[in-house]
Each structure stands twice: as C-alpha cells, then as structure tokens.
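None of the values given here were measured: they were computed from a predicted structure. Along the sequence shown, residues are numbered consecutively beginning with 1.
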Amino acid sequence: MTLPRAAAAAVAVLALVAARSAPAQAASLSLRPALAAPGATVAAEGGGWRPGSTVVVRRAGGARLGQGLVGPDGSFAASLRIPRTLSLRTQPLVAATRDATVNSALRLVATTRDWAPKLIAFSWTPVRIAISRTVAFPTAPVQVDFYGLHPGHFVSAGLLDGQPATTHADRRGRATLRLTVTDARLERSALTLRAGYLRRTEPFYVLPPATVVPPLPQPLRPVPLLATAGDVACHPATERTADACHHDATAEELARAQPDAVAMLGDAQYDDGGTDEFPAYDATWGRMKDRTRPAVGNHEYRTPGAGGYFGYFGATAGSPDRGYYSYDLGGWHVVVLNSNCGFVSCAAGGAQERWLRADLAAHPRPCTVAYWHHPRHSSAQQSRENTSVQALWQALSEGGADLVLTAHVHSYERIAPLSADGGVDYAHGMRSFVVGTGGRSNQQFLALKPYSEKSSPDTFGVLFLALRPDGYDWQFVPEPGRDFTDSGSAACH
C-alpha cells in the first residue's frame, strides 16, 4: 500500500476545503489569550477593517460575546466575556461587520494557567497590558503591548537576568515592547512590567532547550500521516516463530506506507536495549530513523541510563536525563513523555509534569496528541491500573489533549475517550490506543474492560493516523496474512 485509505480520503477533503476557504479580505482577528477557561475575559483585536464600522464578535451560530468600534487606522479592540456554560473544547468564533467576516477559534480548558498568554487589566485605572506569551523556549520573542496610558508615559518590561526594554507611550496612550527570552535561567523566571507609576511582576517559564528536538523532514503529503507501534525488535540472536519476532513484517508496512513521522512507543530493542542489540532494530524499523521520534520504554533502561537507546536515536530522543520532549506535525502539537517513573518523576509538581503543563500552554493548538510507553488504562491491567502516570494524564486532560498512544502491553486495543478521572466521556475525553504490536510477541487479555472498544491479542501490525487540521482518521494495518483491522474517524475537541 502507499497510504491507508482513511489518510487518502483526508487529503482529498483537505484540498477541497482549502480551495473553498481562501481569505477574501485583509481584515484580521487575534485573541489574547487563545487558550482560556469558561468565565474568563479575553481580548479581541484586529486590523484591516473599514474605519467607523462596528466589529461584532460572537460564537459561530451563537450569542454575541463583545464588540468594538473600528478606528481611523482600521483597528479595533474588544473585551470578550466567555460564558461559564461553554464546553471544554475549541469554540469557533466569528468577527463580522456588514462587509467583512473573519473566522477564529478559542480553546477552552479546565483552568486558566498562569503560564498562558494573558491580558492584565487594572480595575482602578484604564491601563491594560497584553503579554503575547508567558511560556517560551530560550531566544523566543515576547511582545508586550500597553494600552490606556497617558501620552509620553515611561514603560519598561524585563525578564529576570535579562536587560529590560523601555519606551514611552505614543499620543494614543499605547506602547509596544519586544523582548528576547534569556537563556541564562531555565524553568522559573519572572517578567517585571512598569507603566507609569504601576508595577507588576508575572510568572514566566522558560522551557528547557533539551526538550526541543530537531524538526522532522518536510511532510510528504498535505495531511501528515503518523505511524505508530511499540515493543518492536527481538534480540538479534532470537529466531522468528509463529507468535514472536515479526518486526521485519511490521517494518515492511512502514516502508510501503512511507509515513511522514513514526512514533515508536518504547521497547524498540529487546532484551536490554544495548548497543550490541540495536542492529536488529536498525535493519528493520531503522530504515525510517530520520522520521522517527521515539518514546523510551522500560527495556531500554536495562542498560544503565538507557544509554543504548539515547546513543542510537541521538538528539531526536531528547535529553538523556529527561526523555520527554515535543514537536509539531502539520497542524498538530505532539508531546512525547517518559513513563519510566522510577528514573524520571511522573508526579504532580515534578519537573516533567511542570514542563508538560507549560508546553501545552505554549502550544494552544486545536489538536494535540501525546505518547509514551506504559498505558494509563488497558484491559491487560486486571489487578490494578497504572496510576503512576495519573498526574501526566490529568495535565493532558486539563490541557485539552485529544489523543494518547501507548504500548508495553503486547496487543492492540482501542479505548473510548476517557476523562481525567477515567470515566467514559465522548464529548471531552481523550481517546487512547495501546499498540504494543511492533513485532516482539503477543499478549492475551484475561477480560476486556467496559471502556474497551476494539482489540486483538494476537495481531502484529502498525496503526496509521491521518492528522487532519480538525481531527484524525485511524487505520490499523496488520502484517501480511492476518485479517484483523480497525479504522475510524474523530474530531478534535
């Protein structure tokens, strides 16, 4: 095959939508923040509108949220009060006048993060300060806009350990400052703002640079195709049997599909992930190494520090002392976590959980997928479920993530969308797939849990995901000679 059927359909649909939705005017709309909680106040701004007109911002097909008068320069500003009754998902918004319409979206999450882009309003003054981001990677730009000042008022903005930027308000009482994030201090910092006699200090989080991995090669298709499975290659000295060591067959499915990215879900190389063992993986799945962004499994840590794994994958696996990182694929944000909680903390308040919340706040994309090795939920977990990664699951759920991929269990299982506490929630929950089908061996289920939607305990294969801008299509492709498959489509929140 060259491409799973669902992915091919998604490409055709995307091309049609793009042809019909080319922008017809120069009018623009921006939201600050673009990620907020129900009940929050969001600033709406834009340019390129007809002077003297009134821009009305409303939910698509719903109630008015706010409006603003367009000035002589074609710009407007409005304050939007988001109803507390709205669902936690991406809410489409429309800004319109009689002669122009602009579509946008606001992503609603469970809580307003201190780290998200924000608007600061002082109740006793007309002064407002808009910060483009309060989470960033080193050297990233930050823009701070001041409104409601007296003309000529002095303003400044500076990050801890960095030189502050200064200017004065123009005749309209506005000022803009641009900063570059310092690389001298990581993870915790502060942004100090001065506007006339007002002073404000805001938390600022600088993401560790080692959690940024090299970008993927250019996608091969308009709708990126992500291939995924874990528990892959047998020890080079182990011979193939009817139910073990089929990693060569699953690698052939990868080669036929030529995906844009490969999410290897851990336990790439048995038995210990040693450098002398990795040739088995390299000869099969390694043919897609340049497009692989891996998650680290428990077998990798049988070699001290997972040295064989980090040595083989290099910078694409993140820093060896973390093993978690993120990247973008098409319109999706992708988060890769380390579920080996005895080596890297998975606890609430730990470095990985704090980084995860900050990373989600820094990337308020409409669609987010996360993957790691050990599943939070699985029918193979009979006596107890894996609560060690609950804090990570909770953070993803509150951050509006859509999809979770794991392995470790040597079988295939599609699990219904679940909430932060594990309840089935088709409206807002995260769907998950357990795909430990890369070739190593099979594992039987004792009994399927109520949240299990489809499963196979004895089929090796690869799960393919076509990542559309507003959702995803999935198709599980078995190795030759097997007839089990699974396919479907879903929208992002």
Steps toward side chain to side chain donor-acceptor pair (under 3.5 Å) verdict (Y205, R357): CA-CA 10 Å; Y205 191 100; R357 289 184 179 275; over 6 Å; no
Between the main-chain N or O of [Y] and the side-chain N or O of [X], is there a donor-acceptor pair closer than 3.5 Å?
X	Y	answer
H246	V232	no
Q269	G274	no
E300	V296	no
T316	F313	yes
W285	A233	no
Q143	S132	no
E252	A249	no
E413	K454	no
T284	A280	yes
Q91	S87	yes

Using a strict cut-off of less than 4.0 Å between a Lys/Arg side-chain nitrogen and an Asp/Glu carboxylate oxygen, indicate whether [X] and [Y] qualify as a salt bridge.
X	Y	value
E385	K449	yes
R287	D282	no
R431	D402	no

May I ask you to test the [X]-[Y] pair for a side-chain heavy-atom distance under 4.5 Å?
X	Y	answer
S455	F445	yes
L465	L403	yes
T180	V142	no
Q443	P457	no
T485	V477	no
R133	V181	no
L179	L191	yes
L31	L93	yes

Which is it for N298 and H408 under the side chain to side chain donor-acceptor pair (under 3.5 Å) test, yes or no, and what are the steps along the way? CA-CA 8 Å; N298 56 293; H408 189 60; 3.3 Å; yes
Does the separation of the ring centres of [X] and [Y] fall below 6.0 angstrom?
X	Y	result
F278	Y309	no
F484	F460	no
H299	Y270	yes

Heavy atoms only: give me the nearest [X]-[Y] pair and the separation to one decimal.
X	Y	value
D272	E277	N-OE1, 3.0 Å
A395	L356	CB-CD2, 3.7 Å
D260	R291	O-NH1, 3.2 Å
L216	D328	CD1-O, 4.4 Å
M264	T292	CB-CG2, 4.0 Å

What orientation do F137 and H363 show, parallel under 30°, tilted 30 to 60°, or perpendicular over 60°? tilted
Parallel, tilted or perpendicular, judged at 30° and 60°: which one describes the rings of Y412 and F476? tilted
Would you tabulate the side-chain donor-acceptor contacts of residues 414-425 under 3.5 Å, counting partners in other chains and residues two or more places apart, or write 'none'?
residue, atom, partner, partner atom, Å
R414, NE, D486, OD1, 3.4
R414, NE, D486, OD2, 2.8
R414, NH1, E453, OE1, 2.7
R414, NH2, D486, OD1, 2.9
S419, OG, D421, OD1, 2.4
S419, OG, G423, N, 3.1
S419, OG, G423, O, 3.3
D421, OD1, G423, N, 3.3
D425, OD1, A427, N, 3.2
D425, OD1, H428, N, 3.1

With no hydrogens and no angle check, just 3.5 Å: does a side-chain donor-acceptor pair link E479 and T250? no
Going by distance alone, is a donor N or O of one side chain under 3.5 Å from an acceptor N or O of the other, for R322 and Q352? no
Just wondering, are more than 12 heavy atoms of other shown residues or ligands nearer than 6.0 Å to CD in E239? no
For D473 and S489, run side chain to side chain donor-acceptor pair (under 3.5 Å): C-alpha distance rounded to whole Å, both residues' side-chain angles, the deciding distance at 0.1 Å, then the answer. CA-CA 4 Å; D473 308 308; S489 299; 2.5 Å; yes
The single option from D267, D231, T437 passing side chain to side chain donor-acceptor pair (under 3.5 Å) against H410: D231
Holding to salt bridge (Lys or Arg N to Asp or Glu O under 4.0 Å), I want the full list of residues that pass it with D290, two or more places apart in sequence or in another chain. none
Distance in Å, L463 CG paired with L405 CG, rounded so as to fall on 0.5 Å steps: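 Answer rounded to 0.5 Å: 7.0 Å.
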Between OG1 on residue T238 and NE2 on residue H247, distance to nearest 0.5 Å: 8.5 Å
Between W474 and F464, is a ring-ring contact (aromatic ring centres under 6.0 Å, His included) present by the stated rule, with each step listed? CA-CA 6 Å; W474 73 85; F464 293 94; over 10 Å; no
Tell me whether the guanidinium CZ or amine NZ of K289 lies under 6.0 angstrom from the six-membered ring centre of Y312 and within 45° of its axis. yes
Apply the test side chain to side chain donor-acceptor pair (under 3.5 Å) to residues H333 and D359: give CA-CA distance (whole Å), side-chain angles for both, the deciding distance (0.1 Å), then the verdict. CA-CA 10 Å; H333 186 57; D359 184 79; 2.6 Å; yes
The ring-ring contact (aromatic ring centres under 6.0 Å, His included) partner of Y324 among W372, Y371, W355 is W355
